[in-house]
Amino acid sequence: MENTVKEEFELPMPAGLLLPHRAPMLLVDSLQECNSERAVVLARLPEKGIFFAGDQFLPEFFVELIAQAAALQNGFIALSAGKPLHDGMLVGLEDFSLNKNGHGGERLRVVVEKTFEFGAISFLKGEVFSNEDLLATGNLKVWEDLKKP
């Protein structure tokens with residue numbers, strides 16, 4: 001994949017500038033690094049909220065972290081190329097693994113790498129880290145509505 005990001009947009013960039021999500025569904029804080037192949041996003045594990053079951057985070061929380069990181073990457077690349085932001089959604093998940101659960105307040109680093117792109121569909125590998133501990137990993141398929149202006 002060719003890197004299409006121009007240098008007019010500065011990183012880090014707050015997630016709220018690129019995503020329509022708002023609390024409690026905005027799970028990521030900022031886009032730290034980005035090119036057409038890889039992005040690094042920061043987040044913080046919440047102390048409480050809709051993604052808890054007892055005292056554990058639901059696996060869906062980590063899946064959504066990876067999906068939002070992918071959306072930040074797509075949005076940043078689009079804006080940097082002078083294109084509009086598009087709606088999108090998670091349409092597939094494979095090989096998801098929750099290795100550790102994490103604790104409220106921990107800073108997280110989410111890394112997404114595009115492995116394949118075909119039109120409006122992107123395949124990516126996502127990893128969620130707390131310090132150097134790999135908390136979760138999975139392969140996602142995301143769709144972007146490229147027909148909307």
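Index from 1, following the sequence.
- Listed by first then second residue, pairs satisfying side-chain hydrogen bond (donor to acceptor under 3.5 Å, both in side chains) with a partner in residues 40-59 read Gln56-Asn101, not counting sequence neighbours.
- Checked against side chain to side chain donor-acceptor pair (under 3.5 Å), Lys141 has no partners two or more places apart in sequence or in another chain.
- By the ring pair (Phe, Tyr, Trp, His ring centres under 6.0 Å) test, Phe62 is found to be paired with no residue, residues two or more places apart in sequence or in another chain being considered.
- Scanning for side chain to side chain donor-acceptor pair (under 3.5 Å) contacts around Arg107 gives Asp29, with sequence neighbours left out.
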Trace of the side-chain contact (heavy atoms from CB on, under 4.5 Å) decision for Glu127 with Leu134: CA-CA 7 Å; Glu127 298 175 316; Leu134 179 62; 3.8 Å; yes
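- Residues that satisfy the side chain to side chain donor-acceptor pair (under 3.5 Å) test with Glu64, not counting sequence neighbours, are Gln68.
- Applying the side-chain contact (heavy atoms from CB on, under 4.5 Å) rule to Leu58 yields the partners Ala53, Glu60; only residues at least two apart in sequence or on another chain are considered.
- A donor-acceptor contact shorter than 3.5 Å links the side chain of Thr115 to the backbone of Phe123.
- Partners of Phe96 under the ring pair (Phe, Tyr, Trp, His ring centres under 6.0 Å) rule, at least two apart in sequence or in another chain, do not exist in this structure.
- Under the side chain to side chain donor-acceptor pair (under 3.5 Å) criterion, Ser30 pairs with Gln32, sequence neighbours left out.
- Panel note: side chain His86, backbone Glu144; no donor-acceptor pair is recorded below 3.5 Å.
- Qualifying ring pair (Phe, Tyr, Trp, His ring centres under 6.0 Å) partners for Phe129, counting only residues two or more places apart in sequence or in other chains: none.
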Pair up each side-chain donor or acceptor in residues 17-26 with any protein partner under 3.5 Å, not counting sequence neighbours, and list the distances.
unit_1, atom_1, unit_2, atom_2, d
Arg22, NH1, Leu19, O, 3.2
Arg22, NH2, Gly16, O, 3.2

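- Checking side-chain atoms of Asp133 against main-chain N and O of Leu135 turns up no donor-acceptor pair under 3.5 Å.
- Here Glu33 pairs with Arg38, Val40 under the side-chain contact (heavy atoms from CB on, under 4.5 Å) rule; sequence neighbours left out.
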Going through the distances and angles, do Val28 and Leu65 end up as a side-chain contact (heavy atoms from CB on, under 4.5 Å)? CA-CA 7 Å; Val28 293; Leu65 278 176; 3.9 Å; yes
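- Applying the salt bridge (charged side-chain N to carboxylate O under 4.0 Å, His left out) rule to pairs touching residues 81-97 yields Asp87-Lys148, sequence neighbours excluded.
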